[in-house]
**Q** 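Structure incoming, see below.
Throughout, a chain's letter reflects where its sequence line sits, starting with A, and its residues are numbered from 1.
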Amino acid sequence: MEPTKEQLLWMYEQMLVIRDFEETMVNVYLEGKLPPEIQEGLAFDIGSGLVPGEMHLAAGQEPVAVGSCVHLTDDDTITGTHRPHHFAIAKGISLNSLAAEMFGKVTGLGRGKGGHMHLFSVDKKFGCSGIIGAGMPQACGAALAAKKQGKDWVTVTFFGEGAANQGSFHESLNLAAIWNLPVIFICEDNKYAISVTREESTAIANNADRAIGYGIPGVRVENNDAVEVYDVVGEAVARGRQGKGPSLIEVSTDRYLGHFQGDAEAYRPENEVSTLRENDPIDRLQQQLLDSGMTEEEDSQIKERTKASVQEAYAFARESAYPDTSEATQHVFV
Amino acid sequence: MEPTKEQLLWMYEQMLVIRDFEETMVNVYLEGKLPPEIQEGLAFDIGSGLVPGEMHLAAGQEPVAVGSCVHLTDDDTITGTHRPHHFAIAKGISLNSLAAEMFGKVTGLGRGKGGHMHLFSVDKKFGCSGIIGAGMPQACGAALAAKKQGKDWVTVTFFGEGAANQGSFHESLNLAAIWNLPVIFICEDNKYAISVTREESTAIANNADRAIGYGIPGVRVENNDAVEVYDVVGEAVARGRQGKGPSLIEVSTDRYLGHFQGDAEAYRPENEVSTLRENDPIDRLQQQLLDSGMTEEEDSQIKERTKASVQEAYAFARESAYPDTSEATQHVFV
Amino acid sequence: MADRELTMAAAISEAIAQEMENDDNVFVMGEDVAKYGGIFGATGGLLDKFGTDRVMDTPISETAFIGAATGAAAEGMRPIVELMFVDFFGVCMDQIYNHMAKNTYMSGGNVKLPVVLTTAIGGGYNDAAQHSQCLYGLFAHVPGLKIVVPSNAYDAKGLMIESIRDDNPVMYFFHKGIMGLPWMAYFTGSTNEVPEESYSIPFGQAKVVREGTDVTIVTLSQMVHKSTAAADALAEDGISAEIIDLRTLVPLDRETVLNSVRKTGRLCVADEDYLSFGLSGEIAALVAENLDSTNLNGSVKRLAVPDVPIPYSRPLEQTVIPQVAHIESTVREMMN
Amino acid sequence: MADRELTMAAAISEAIAQEMENDDNVFVMGEDVAKYGGIFGATGGLLDKFGTDRVMDTPISETAFIGAATGAAAEGMRPIVELMFVDFFGVCMDQIYNHMAKNTYMSGGNVKLPVVLTTAIGGGYNDAAQHSQCLYGLFAHVPGLKIVVPSNAYDAKGLMIESIRDDNPVMYFFHKGIMGLPWMAYFTGSTNEVPEESYSIPFGQAKVVREGTDVTIVTLSQMVHKSTAAADALAEDGISAEIIDLRTLVPLDRETVLNSVRKTGRLCVADEDYLSFGLSGEIAALVAENLDSTNLNGSVKRLAVPDVPIPYSRPLEQTVIPQVAHIESTVREMMN
Ligand SMILES: Cc1ncc(C[n+]2csc(CCOP(=O)(O)OP(=O)(O)O)c2C)c(N)n1
Ligand SMILES: Cc1ncc(C[n+]2csc(CCOP(=O)(O)OP(=O)(O)O)c2C)c(N)n1
Ligand SMILES: [Mg+2]
Ligand SMILES: [Mg+2]
């Protein structure tokens, strides 16, 4: 499958937004956590600042998100991971509500109650979880609902290569296969599960080969490339819409930052990231677009637009109010 | 791999013991449960009689147990299932302590505290569980211990075809593969998980194909045949002892009785079992032995011996005492 | 409408059937719920009425299919999903307590998850340590799940209808020993009159199943019937026990318990769950927190499984699971 | 021996290292326990000392590797296995509570399972609903697990050595906010003097960390330090609080709690777990069960998370997790 020019531009712009959102967060996250005046001996305080708690950023992993979501509508469902921003943005969740959620503000997606690993949008049919492998079963359920309702909606579930060794992977793929559910299982292979490498954790080189165990198609995409993801996911989405059942896709991608912010990454070979960054997927798509007619000026406009939207989102988050403390005991039940 | 005459005879005799133990239980289990004088409207009372609680019998599934255990010594470990008698007997656990456990007697393997799904022998290195799929992780641990201790001991873990869709299957196979553990994963495909057929539950026709997902050998044995099991498991055990890692084996076998005693089996095609029984694996091995020189008299001797041992076991169980009620609160901790 | 007695199993499946007729979004899934009708009969007859699309047998993949219930509920379906024995929760607890129970809260109330998770509890028939537990206290401990534990067919039907109509995750615990199964002895009080028409029973309303003046026995599920038998025996000696059937643990009807204790001055909790850090502690704590306003005649007593796995052997099992005689003798002691 | 202050993380890893030196059967496994040294530092430095055979990073397969710990222990090994956050227990609870915890009992005492299962607990740094729970009460509820919850480095070392030497499954809960991590603010009392030599602290001995006469605060883990701060403030107004650090929940030192309550006449439980059906209820129930022998001045008070998932947003999290000010004001109310 080949993307149209419009789709290429959409993917490019979305990748820019994601990258900018994530890189902006790198700095915002540190505000109030450094210098370590909070306590002696402390280099950093995770619980302080504007955005406390863990923060898992997806810079470098944009292609899998945009190459998948370009095929989806608001009727299709996504279940994401603990590293969910790129999926959420590509699925069309407003940057403002996303940023505000991370600031714990009442204007956030979940009124500040979820936090960055727990983003839910009923409108955009998006959910995620801080528990590794937890999205896959729920994706089966969303797809089952679509099937029962006679819709051609698909569900995409993203998970890391580390999650592919969790029991829920196996159970969900088997369930989706026997019930012929329109679920696209997409594994982001960024080579690490925190400090544990893919080789240390995974018995085979290609998780897509595990599709054989469920009698469904399995494809691996190399090279962290949005256009290649577009192609492979496009086929899988079409299969799903046609009632042909689930697919398993693995995408080789790259984690530019630490597992979470504050990760010293002592386990990672020096220069690994700088080498990866030399082959950046956004740069590559930019070049492809420039080669095929996008002008420098158009490019600048896109960049300005994306920058502005990200800046607005963070400003909105800063300015928003915290939820009233009375909300703490609300919403346990609807 | 070819069994010796001695091994063939051992397998034959063990199968007879198992079959006799299980078929004797069919009747013993009903003692005191029928006629239903306990309560009006009751056809049967599971909680009454000599042997209360659930009872899962393995008649028909003898080949997988004997064809595997013939390769094992007391140093090798087994983890079994909720349907564990055939494995326990083939591993050499005394019939007396086995029967007594099912009667809840203090002379039982677990002083009557475990019951028929929870048989543990430290001497024979045997354990099992009433939870589907639970034996596989523990098997990995036993094998890991052997490896750490520098022994060539192997661990065999048995599970049903229904269990092959449980998350623990995937996690355990992956773990065994990456750590190169001497575990032989043996799936008993008796076509049913209670009332749910293999086709309804399993995305592919051959669970051994799932070995591809872990980069290990996978073999399916058809025809519920002890000698074929002998061959395939023998190879896997040799691999394990040589430090070549885990194997996955599926054995096609047949459940002659209900899932548990009392199961009306309304879900099962009529005559299915009688047809299966016509191709009985014990009869086949008997014929093979007779063909290759076992005399009718030898055969009778074997049968007498096995009958006597089973009868003795049930008599021992009947006569043994219940544990003192003070034991109820003992052994939570050692 | 003629008087009808139903078993609890029949009452539950009738409730489900009535709701399935009303609402196409309701469907049932679980191991052996279709062809078999549920190992404990809670879904008996549903497959014939509604077909395989709405009554679905699942593989042995509790994480996948219970997680799928959450996923389907988020999309507007109203799944009823069975965990065959509560004892198996350990293979799928994450989907239950971190997702089904929390997604609503974490979404700031935006995600609505109308799931009913049914499960069998209880011992007494020697099914040993992995098939005899109650564990409702454990689920009541973690936030986000409504906890329903009926003791008889009438309540079972009304509470099931309420459960299905609730827009939140509900866990519905039925004790095997009161389902009225043809293969397990049961306490007869559990099979009782059940109207054919649909009705619901609100959550959070404990029921005074027997009025009394000397002691309050707070209990639930099968233990209601054991308590009743004990109360009958006690009555012969002029001891008047009031019995409260909690019916739901979340929400918990604290007022009914406190009012009764204020009246009788004595509290005995009769529970089949493990003793420590659970239900019986919570009920006792309720009194401890309200000593100011209660006038207790002596210490609170708790009967429950004394923090041991359920032993298989019959005499041992009978020892650790509170029996009628235990309740009776405990109350007698309290009266001295 | 020179005085040394250690963080709790360092004390734990030192204890493990000392036992690993003593006994070749001890080994460590878990996610990120080797190269990373444990996300919360509990296994820091062990890989360098003992190599990859004895300090093993695992895949994200908690069921498999925690089950493997049970399997290895049954064969004579003494595994220490880490569940990174207790919040993840739902993916592997079956291996923990139905097997590790029960195999000994079900085998009539024949199977010995010397496993230490370590896990991180607690909130206070806004890690939200799936990474901030305590849940020790839930594990204390199910039989067969010893439950250890240290509050400071000294206890952490002694209790870890005791845990490793115990022939039974021990769950060892460390609160992230007292580990003395360089990236998380912590209560300074938790970093304290730790002897270099090996020592152990017996289970089942609560510690009176502060003597007092007016009120007993029963607490554990990080909450010990919050209680101490509250007691300091109360002392300024002449209110004398006795603080009891439970240290282990199974076995539970009921006597020390009761003796203190008998002395002070008032009980406040300060807990970071969920409120209902858990630890705080059990402690309150203990008093309710012993009203005969205690002379209480007013009702028992419980402070805990009010049965809601832990919210992310800071002001909400601070509201639901009991803080120093909550303890202080609660005790003040009790004194009126
Ligand atoms: C069940 C569970 N186990 C462990 C963790 C802790 N954890 C959080 S992220 C992570 C690594 C995940 O690796 P991967 O799936 O490859 O995703 P990535 O972080 O690389 O995006 C781990 C182990 C968790 N959140 N849930
Ligand atoms: C985790 C778990 N889920 C469900 C059950 C209930 N159960 C007991 S046996 C069984 C069927 C098992 O099928 P299979 O693995 O094929 O073994 P078989 O009974 O055929 O020997 C089921 C579902 C259980 N014991 N544990
Ligand atoms: Mg990864
Ligand atoms: Mg089977």
**Q** Counting only non-hydrogen atoms closer than 4.5 Å, does Val250(C) touch chain A with its backbone (N, CA, C, O), its side chain (CB onward), both, or neither?
**A** side chain
**Q** Would you check if Pro59(C) and Leu175(A) make a side-chain contact, meaning some heavy-atom pair closer than 4.5 Å?
**A** yes
**Q** Quick one: CE on Met77(C) to CG on Leu144(A), what's the gap to the nearest 0.5 Å?
**A**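 If I round to the nearest 0.5 Å, the distance is 7.0 Å.
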**Q** Can you tell which part of Met100(C) gets under 4.5 Å to a heavy atom of chain A, answering side chain, backbone, both or neither?
**A**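 When you check distances to chain A, no heavy atom of Met100(C) falls under 4.5 Å.
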**Q** So which part of Leu113(C) gets closer than 4.5 Å to some heavy atom of chain A, the side chain, the backbone, both or neither?
**A**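 Neither part; nothing is under 4.5 Å.
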**Q** Go through the atoms of Val332(A) and report whether side chain, backbone, both or neither lie under 4.5 Å from a heavy atom of chain C.
**A** both
**Q** Checking heavy atoms, do the side chain of Ala139(A), its backbone, both or neither come under 4.5 Å from chain C?
**A**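 No part of Ala139(A) comes within 4.5 Å of chain C.
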**Q** side-chain hydrogen bond (donor to acceptor under 3.5 Å, both in side chains) with Asn259(C): which residues, sequence neighbours excluded?
**A**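 Here the qualifying residues are Arg262(C).
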**Q** At a 4.5 Å cut-off on heavy atoms, which part of Leu181(A) comes close to chain C: side chain, backbone, both, or neither?
**A**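 Neither part.
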**Q** Hey, what donor-acceptor pairs show up under 3.5 Å between chain C and chain A?
**A**
{"unit_1": "Asp53(C)", "atom_1": "O", "unit_2": "Lys148(A)", "atom_2": "NZ", "d": "2.4"}
{"unit_1": "Thr63(C)", "atom_1": "N", "unit_2": "Glu171(A)", "atom_2": "OE1", "d": "3.1"}
{"unit_1": "Ala64(C)", "atom_1": "N", "unit_2": "Glu171(A)", "atom_2": "OE1", "d": "3.0"}
{"unit_1": "Ala68(C)", "atom_1": "N", "unit_2": "Pro137(A)", "atom_2": "O", "d": "3.4"}
{"unit_1": "Glu75(C)", "atom_1": "O", "unit_2": "Gln149(A)", "atom_2": "NE2", "d": "3.1"}
{"unit_1": "Glu75(C)", "atom_1": "OE1", "unit_2": "Lys125(A)", "atom_2": "NZ", "d": "2.9"}
{"unit_1": "Glu75(C)", "atom_1": "OE2", "unit_2": "Thr77(A)", "atom_2": "OG1", "d": "2.6"}
{"unit_1": "Gln95(C)", "atom_1": "OE1", "unit_2": "Gln138(A)", "atom_2": "NE2", "d": "3.0"}
{"unit_1": "Gln95(C)", "atom_1": "NE2", "unit_2": "Ala134(A)", "atom_2": "O", "d": "3.0"}
{"unit_1": "His99(C)", "atom_1": "NE2", "unit_2": "Ser129(A)", "atom_2": "OG", "d": "2.6"}
{"unit_1": "Asn103(C)", "atom_1": "ND2", "unit_2": "Gln138(A)", "atom_2": "OE1", "d": "3.3"}
{"unit_1": "Tyr105(C)", "atom_1": "N", "unit_2": "His331(A)", "atom_2": "O", "d": "3.3"}
{"unit_1": "Tyr105(C)", "atom_1": "OH", "unit_2": "Ala328(A)", "atom_2": "O", "d": "2.5"}
{"unit_1": "Met106(C)", "atom_1": "O", "unit_2": "Gly114(A)", "atom_2": "N", "d": "3.3"}
{"unit_1": "Asn110(C)", "atom_1": "ND2", "unit_2": "Leu109(A)", "atom_2": "O", "d": "3.2"}
{"unit_1": "Asn168(C)", "atom_1": "OD1", "unit_2": "Val334(A)", "atom_2": "N", "d": "2.8"}

